[in-house]
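This report concerns only the one structure given below.
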Amino acid sequence: MTAWDALRAALDSLRANPLRSALTMLGIVIGVAAVIAMVAVGAGARDQVLRQIASLGTNLIMVGQGSIARGGVKLGAGTASSLTEDDALAVLAEIPGVVVTAPSVRWGLQIVAGNQNWGTVLFGITPDYMEARDWDVAMGRGLSDEDVAQANKVVVLGQTVVRNLFGGGDPIGEPVRVFSTPLTIVGVLAEKGQNTQGQDQDDVIFVPLSTAKRNIPGMAKSNPRFIHTMVVKMRDGSDMAEAQAQIRDLLRQRHRLIPGQDDDFWMRDLSEVSATRDASSRALSFLLAAVAAVSLLVGGIGIMNIMLVSVTERTREIGLRLAIGARRRDILVQFLIESTTLSLIGAAVGVALGIGTAMGVAALAGWPTLIRIDSVVLAVAVSGLVGVFFGLYPARRAAQLNPIEALRHE
Amino acid sequence: MASDPAPPAPLIAVRNLTRHYRMGPQTVHALDDVTVTIRRGEFVAVMGPSGSGKSTFMNLLGCLDLPDAGRYRLDGTEVAGLSSDALAAVRNRSIGFVFQSFNLLPRQSAIDNVMLPMVYAGVGHALRLEKALAALESVGLGARAGHRPTQLSGGQQQRVAIARALVNDPLLLLADEPTGALDTATSLEIIGLFQRLNRRGITVVLVTHEPEVARFASRVLQFRDGRLIDDQSRDPEIAA
Ligand SMILES: Nc1ncnc2c1ncn2[C@@H]1O[C@H](COP(=O)(O)OP(=O)(O)OP(=O)(O)O)[C@@H](O)[C@H]1O
Ligand SMILES: [Mg+2]
């Protein structure tokens, strides 16, 4: 019996009970469709996150003042003003591979425009900061070196701030009261959207570092060069771990920390962010695998059940086939091909349904989805194996039948 | 001294063939020490009361069952020594079966049913079609090739089954009560068909309860309680 003959026999027998065949496939259909749709949604979300991380830049190192000890944040062991603009200059000058260092201070506060006020976060920055964090200007201009040098009373607003203070209007040239001082709006930042933690990155305002220090209460009392953080941008392809080690050595030396003493600054790069994302997507994959396994198991048991019924119903046919010269192996193969055909047709319908669902989700809910070919191949292959595995017992029963008794079967 | 040429080996040589079934404490001697030889070209009717062992005998001749004792040579080959796959090949190539209840696959057309033995003989598709059509024509059903069993009369269904039994050109046609489900007129048609096939050279062994069917055989074996009690050759009547 050739494979083609067996396939024809299988399709004939499945056509004999179309409704029963369809219901039997349902478990496999739902399992495969669920896997493909969920992988598509998961992959779409992951893809979006990866693009967000890439937009942050993976070649950035953040350095902040104060130390992070296990169990919580501990303030700097030395003076409160442990990190300075001079540290930033030193890192730029002495660490190989550094493109820019962008010192900044940050402050949460209320700002007022006309009769509107809004709570936001102020960053006191230099133009390097905008370069390091890839901020673009949507309207007006960004901050200039001159603004920083002269402590100009200018401000650049994030999109969220503009929306809340000015609605749809054009804010360029308008005044906004920051620290009870009117600053002139010279630019609006391009929209960045949410970061990987779901925070709105557009709810910020940028003012020159010097302007911020002059106005933030108590900020520059002990040390006028004090900063909260600096962003270090490395050349593409730099060894980030090596760069961090070098920066750490340099800063410890500059802060005169003796061996054994804790760092009075913290440091991290954004590859750690992607690592936590990887961990959560692994958890999602595990969940998916569990859903897939359960539904394919249920589908497989359904196939086994219906194949046992089919073997009983067709006992006479099996007896006849044996009587006219079928070997036991021919009967085994015939029923295995039948069960596998059942599961593979189910898988094909499931693939179509899964892709349809993913596209439906993308269209209706607006979630990004990404059909993964490997998920399709895997789902179909596993379905085929399910068909073989759960078809094996019924097929063996068919092949072991005694031809005389089978022919006498009613 | 002139000697006769050695006679050809008999097609069927059965020696002390025995088959019993154990039913709890009892043993049923379904077939008890049967010895018989059937030559090529014979048309043998097997008769006897119900439960006398006719079907048991046929199943052994057809290699569907193996004896508990005794020997069976088919065309010079000792059947007892064959593997399960070799027995399947013997059933496929050397033997054609016809059953009382036809045993056609209900969802397949007549020609598909006739082609089934060739599926297991590894015959190519084009040749299958050609041979199946020839077999259907030889039983007078060339025009019904595309019909399903449900669209055929009982006699026509049995003709399809006979065509299926013939399609691999077997040496031996075995029929267990082939007319048992048919009316008298149709039975006579079917028995006439067996007789014509026999005249073309195929050996026929058939089981029947009806003396009017057995009249057409050249030899009648009588069974009782698993034993062969009578073996008579005579000139057969010629069917219409
Ligand atoms: N599988 C079996 N298990 C137990 N006993 C059996 C089995 N098959 C046949 N027998 C017994 O063997 C004996 C012969 O049976 P067999 O079927 O050969 O009779 P038969 O001559 O064909 O009868 P009938 O004319 O009714 O078909 C019977 O007594 C039957 O009960
Ligand atoms: Mg019988």
Side-chain angles (χ1 to χ4, degrees), chain A residues 1-21 306 309-338 341-342 395-410, chain B residues 19 21 30 55-66 82-109 112-125 128 148-149 161 163-168 170 174 176:
Chain A
M1 193 179 207
T2 63
W4 173 244
D5 288 320
L7 187 64
R8 255 197 61 182
L11 290 175
D12 275 347
S13 127
L14 297 182
R15 265 206 302 267
N17 291 297
L19 181 62
R20 189 169 89 180
S21 303
I306 231 61
V309 170
S310 177
V311 169
T312 305
E313 280 177 354
R314 287 154 69 197
T315 300
R316 275 178 86 101
E317 174 192 326
I318 296 162
L320 172 82
R321 287 177 182 270
L322 289 168
I324 63 171
R327 292 164 302 175
R328 299 208 176 274
R329 185 173 1 130
D330 292 321
I331 303 294
L332 185 84
V333 167
Q334 183 189 339
F335 279 88
L336 274 185
I337 288 191
E338 188 168 324
T341 304
L342 200 58
R396 285 180 64 96
R397 260 175 70 151
Q400 299 304 323
L401 284 174
N402 174 322
I404 299 168
E405 280 165 24
L407 279 167
R408 232 185 263 143
H409 190 265
E410 283 314 310
Chain B
R19 182 79 171 93
Y21 295 102
S55 293
T56 306
F57 180 62
M58 295 295 274
N59 289 337
L60 288 169
L61 292 191
C63 299
L64 286 172
D65 197 8
L66 291 172
L82 297 180
S83 70
S84 150
D85 281 3
L87 287 173
V90 169
R91 292 196 292 264
N92 188 229
R93 312 281 161 80
S94 307
I95 298 170
F97 273 103
V98 179
F99 307 91
Q100 178 176 1
S101 53
F102 322 139
N103 279 321
L104 299 174
L105 300 188
R107 291 180 35 80
Q108 312 251 323
S109 64
D112 282 335
N113 269 288
V114 174
M115 285 195 288
L116 205 54
M118 291 189 283
V119 164
Y120 297 109
V123 176
H125 277 267
R128 276 185 208 175
R148 297 253 177 105
R164 179 179 65 193
L166 292 173
V167 79
N168 274 346
L174 296 175
D176 194 346

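For the numbers below, each heavy atom of this structure counts, side chains included, while hydrogens, waters and symmetry mates do not. So that the names make sense, note that chain A is the first sequence line, chain B the second, and so on, each numbered from 1.
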Which heavy atom in A:A323 sits nearest to a heavy atom in B:F99, and how many Å separate them? CB-CZ, 4.0 Å
Minimum heavy-atom distance between B:R107 and A:D12, given as atom pair plus value: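 Shortest heavy-atom separation between B:R107 and A:D12 comes out as NH2-O, 3.1 Å.
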Pick out which of A:R316, A:R321, A:E317 makes a side-chain contact (heavy atoms from CB on, under 4.5 Å) with B:N103.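 Of the listed residues A:R316, A:R321, A:E317, the side-chain contact (heavy atoms from CB on, under 4.5 Å) partner of B:N103 is A:R316.
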Measure distances from B:D112 to the heavy atoms of chain A and classify the residue's part below 4.5 Å as side chain, backbone, both or neither.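 Just its side chain gets close to chain A.
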Identify which part of B:R164 has an atom lying under 4.5 Å from any heavy atom of chain A, answering side chain, backbone, both or neither.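 For B:R164, the side chain is the part near chain A, not the backbone.
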Which one of A:R329, A:R328, A:R327 satisfies the side chain to side chain donor-acceptor pair (under 3.5 Å) criterion with B:D85?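 Testing each of A:R329, A:R328, A:R327 against B:D85, the sole residue satisfying side chain to side chain donor-acceptor pair (under 3.5 Å) is A:R329.
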Other residues, nucleotides, ligands: >12 heavy atoms within 6.0 Å of A:R8 CZ: no
Reported CG-to-CG distance for the pair A:L320 and B:N113, which is rounded to 0.5 angstrom: 8.0 Å
Select, from A:A9, A:A326, A:G319, the one with the greatest count of heavy-atom pairs under 4.5 Å involving chain B.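 Heavy-atom pair counts peak at A:A326.
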Against chain B, residues from residues 398-409 of chain A with at least one heavy atom under 4.5 Å, in numeric order, are A:P403, A:I404, A:L407
With a 4.5 Å limit on heavy-atom distance, are the side chains of A:R314 and B:L105 in contact?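 A side-chain contact is absent here, since even the closest heavy-atom pair is not under 4.5 Å.
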